[in-house]
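One structure is given here, and the rest of the page talks about it.
Chain naming here is simple, since letters A, B, ... match the order of the sequence lines and numbering starts at 1 in each.
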Amino acid sequence: MENEQKFDETIRRGLEIVKEAEEDRLMTLSVGPQHPGSGHFRFTIKVDGDYIVYCDPDPGYVHRGEEKMCEYRNFIQNIPHLERPVIHDSTNITYSYSLAVEELANIQVPLRGQYIRALASELNRQVYTLYWLGIYGIFLGHSTMFMWPLGDRELFIDLLEALTGARVTHAFNIPGGVRNDMPDGFEERCLRQVAYFEKRLAEYEDIFYNNPLFRQRTEGVGILTKEDAIKLGVTGSVLRASGIPFDVRKAEPYDVYNEIDFKIQYMKTGDSYARSMVPFLDMKESCHIIRELLDKIPKSGEVRAKLQPNPKGPAGESYKRVESGRGALGYYIVSDGTPKPYRVKLSVGSFRNMLALPFLLIGSKLADMPSIYWSLNYWPVEADR
Amino acid sequence: MGSDQSKTQNNSEQKKSSTDSTQTSISKKTESITPEFEGSLINQIVTRFSDKLVQVIYVRPGRAKILVPPNEIVQVASFIKDRLGFDHAESVSGTDYPKDNQIEVIYHLSSYSDDKLSSQILALSTRVDRNESRMPTLINIFKSAEYHERETFEMLGVYFEGHPRNERFLLPEDWADIPPLRKEFRIKGR
C-alpha cells in the first residue's frame, strides 16, 4: 500500500517535470505594440519550435473612448471625432452614423445628395484598400507593392480633396446629406482616374497576385472554413474569402445602392490568398460602381436637407450598417429625445475580425504570421475606437 | 420611427409589473404596424415562450427588438439560433439606465447562412440590476460574442457568468476607476 502511494507520488512528480520541461520548450513572443509590423496592436504568441501554439490579442493601445465622447456632444458635433478611428476610410465610418441619425430624427436626404455620398464612400473605399494593400505588400517583402498602391492612392485622395476640401479626414457625410456639391468638371476627372486605375489594377495582378513567391506564402495558409467564418461572425473580405457572398450593399441596400447593378466578389478557398484577393476584386467592382453612380446621378438638385440647428428626434433607438473597407460597420444609437445621443455603440469590422486571429494563428507556422495577420484586413485603431 | 416611441413607454410599463391590459396593448400596438416577415419571426418566439417572458419592444422593417429576463436569455438565444437561423452576433453592447437602476445588455443578431435573414437584425436584450450586474454568457451559443462580451464587462461592469475571461481588454492596464460607460463616470473637465 505504502509502496503504491510512493509509486503514484513518483509518477505525479515525473509528470510535473515533463510538463515544466514542455513549458520551457515554448518561447513567448510579444508582437507589437511598437513594432511597425503590427500597427498599434499587441498580441502575445507562444511558439513550439516553428509552430504557434498560443495567441492572445491585447488591443487597446489606441483606445480613445469614442463611445463615451459621443455622449457629451450633439449629433452634428460628433462627426469629426467619429472619423478618427479610421481616417483612411472616414467617409464610410460617418456614413452609417448619418444613416442612424437620419432614422432617429426622421430626415430625408435629397437624391443627388445620396448619390454623391455613395460616390464619396466608393472613392474612400479605394483609398483605404490601396493603403492596406501597400502595407500587406511590404510585410510580405514586396516593396514595389508598397510604392505603387500608395502612389495611386494619392490620385484618389486628390479627387476626394477636390470634392470635400480635405485630404483624409473629410467630415463630408452629415445627417441630411453631404456638406457640399461636386466641383465643376469633377465627373470627368473621376472617369479619367477610374480608367487609369483599371489599367493599373491589371499591372498589380501581374506583379503581385501572380507572383509565385507571393502565392507560395499565401496559398493554403491560414484556412478559414465557411462554417468557422459563420461561427466567428467575421465580416467583410474575410467573410467573402470563405465562400459567403455577403455584402451589406446587397443584403440591406442603403441610399441608392438598390439601383446600382454590381456583383458581390467572393472566393471559396478561405486562405490568405483569397483574403488578399477579395479586396482587390472589390476595387475592380468599385470602379464599375463609380461609373454607374456618375451615369445615374441627377444632374442638378439639392445635396443636403435643411436641418434644425440642433437636430433631434423623439426618444428611440436605431441600428444602421454600411459596407466599409473592412466589412459591415454598424452604429447602434440610443436617443432620449435630447440633441445629444444617450448611447452610441460602434460595431466595427476590425473588432469582429480580431476573433479570427488566434483561431487562425494557433497551429500555423511563425513565418506565416504576417501573411495571416495582414490578410485579416485589421485596422487596430478602428478596433480600439 | 413611430414604433420607437413605444420603447420608453414599454420600459415604464414593464416596471409596473405589467398587468394583462398593458400586455395586450403592447401586442396590439406592435401588430398594427408590424411588417409581415419580421412579425412572423417575433411571433414564433412569443408563441414558444410565453408573453410574460418575452416582451416585444418594437418591430419595424429589418429590425425587431425583444426584452427577456436575464435568467431566461440562454434558452431564448438557443431557440433563436436553432429554430430561427440567426447564426452570429454583430454587436453586443450595454446601456446604463441609472434612473431605472438597471443596465440593458443588447445583442444584435444576424445571419449569414440564411439569405432571407441577411437583411434582418434581431436585437435580443435583457436588463440586469445595476448593483448586482450579472448574467449568463451567450458565447456557447454565439461564439462571435466573445470579445464583445468582454468589452461590455470592462466598460459597464456586467459580469458574464461562464465567460472564460471577464477581464480588462481595451482599457489601460492600470485602470483603477469605475467602468467608464456607466453614467456616473464623467470625463474630466466636462
Side-chain angles (χ1 to χ4, degrees), chain A residues 56-63 65 67-69 71-72 103-106 226-235 239 244-248 250-253 313-321 328 330-332 334-337 342-348 351-352 354-355 359 383-385, chain B residues 1-9 11 57-58 60-63 65 87-97 104 106 108-113 115 117-121 123 142-148 151-152 154-155 165 168-173 175 180-183 185-187 190:
Chain A
D56 181 28
D58 177 18
Y61 286 89
V62 270
H63 175 66
E67 294 174 5
K68 187 74 181 177
M69 272 198 276
E71 294 170 13
Y72 288 83
E103 191 185 75
L104 280 171
N106 200 12
K226 196 174 173 177
E227 291 71 31
D228 290 332
I230 293 174
K231 198 178 83 183
L232 298 175
V234 294
T235 179
L239 179 73
I244 303 163
F246 178 90
D247 189 315
V248 183
K250 276 277 188 213
E252 199 187 355
E317 60 179 59
S318 170
Y319 186 93
K320 282 281 175 188
R321 51 184 177 167
Y331 271 88
Y332 169 60
V334 182
S335 165
D336 57 353
Y342 187 74
R343 170 85 166 96
V344 175
K345 157 85 185 174
L346 286 88
S347 174
V348 287
F351 192 75
R352 291 170 61 189
M354 200 198 327
L355 201 53
F359 187 83
D384 290 359
R385 285 157 287 153
Chain B
M1 195 61 227
S3 54
D4 288 21
Q5 295 165 7
S6 64
K7 187 203 155 229
T8 42
Q9 290 167 18
N11 294 342
I57 307 292
Y58 59 74
R60 55 175 189 251
R63 303 283 183 272
K65 184 179 178 184
D87 54 25
H88 70 280
E90 272 211 356
S91 140
V92 181
S93 55
T95 312
D96 188 13
Y97 292 101
E104 183 179 79
I106 175 162
H108 288 99
L109 308 173
S110 186
S111 178
Y112 289 142
S113 39
D115 282 348
L117 293 177
S118 61
S119 65
Q120 303 289 323
I121 300 237
F142 297 109
K143 166 82 176 154
S144 39
E146 185 178 334
Y147 288 168
H148 292 284
E151 188 199 343
T152 310
E154 74 163 351
M155 294 295 173
R165 302 183 75 178
R168 186 197 66 81
F169 201 39
L170 294 173
L171 292 175
E173 279 166 38
W175 181 263
L181 279 178
R182 290 209 178 191
K183 289 288 175 188
F185 180 85
R186 308 293 297 174
I187 299 179
R190 279 285 191 171

Q.
Whether the side chain of B/Lys65 engages the backbone of A/Glu317 through a donor-acceptor N/O pair (distance < 3.5 Å, no angle test) should be reported.
A. no
Q: Using modelled atom types only, decide if a donor and an acceptor are shared between the side chain of B/Arg63 and the backbone of A/Ser318 within a distance under 3.5 Å.
A: no
Q | Test item: A/Glu67 and B/Glu151 side chains (from C-beta on) under 4.5 Å apart, heavy atoms | A | yes
Q. How long is the gap from NE2 on B/His148 to CG on A/Leu355, to the nearest 0.5 Å?
A. 8.0 Å
Q.
Is any side-chain heavy atom of B/Asp87 closer than 4.5 Å to one of A/Glu227?
A. no
Q: Please look at A/Asp228 and chain B and tell me whether the side chain, the backbone, both or neither of the residue comes under 4.5 angstrom of a heavy atom of that chain.
A: neither
**Q.** Interface moiety of A/Val234 toward chain B, non-hydrogen atoms closer than 4.5 Å
**A.** backbone
Q) Under 4.5 Å between any side-chain heavy atoms of A/Glu71 and B/Leu181, yes or no? A) yes
Q.
Given heavy-atom pairs under 4.5 angstrom as the criterion, report whether the side chain, backbone, both or neither of A/Ala383 touches chain B.
A. backbone
Q) Would you find more than 12 non-hydrogen atoms of other residues, nucleotides or ligands less than 6.0 Å from A/Lys250 atom NZ? A) yes
Q) How about A/Pro59 and B/Tyr147: do any of their side-chain heavy atoms sit closer than 4.5 Å? A) no
Q) Is the side chain of B/Tyr112 donor-acceptor paired with the backbone N or O of A/Ala229 at a distance under 3.5 Å, no angle test? A) no
Q: Show your working on side-chain contact (heavy atoms from CB on, under 4.5 Å) between A/Val334 and B/Tyr97 and close with a plain yes or no.
A: CA-CA 11 Å; A/Val334 182; B/Tyr97 292 101; 3.8 Å; yes
Q | Heavy-atom donor-acceptor pair, A/Tyr342 side chain to B/Asp96 backbone, under 3.5 Å | A | yes
**Q.** A/Pro253 versus chain B, the contacting section by heavy-atom distance below 4.5 Å
**A.** neither
Q. Is it the side chain or the backbone of A/Leu346 that comes within 4.5 Å of chain B heavy atoms, both, or neither?
A. neither
Q. Quick one: are A/Asp56 and B/Arg165 in side-chain contact, heavy atoms under 4.5 Å?
A. yes
Q. Which answer fits B/Arg182, side chain, backbone, both or neither, if we ask what part of it has an atom under 4.5 Å from a heavy atom of chain A?
A. backbone
Q. Do you know which two heavy atoms are closest between A/Tyr332 and B/Ser93, and how far apart they sit?
A. CD2-OG, 3.5 Å
Q. Are B/Met155 and A/Lys345 side-chain neighbours, meaning at least one heavy-atom pair lies under 4.5 Å?
A. no
**Q.** Any A/Arg321 side-chain heavy atom under 4.5 Å of B/Ile121 side chain
**A.** yes
Q: Please flag which part of A/Phe246 lies under 4.5 Å from any non-hydrogen atom of chain B: side chain, backbone, both or neither.
A: side chain
(Q) For A/Ile230, which atoms come within 4.5 Å of any heavy atom of chain B: side chain, backbone, both, or neither? (A) both
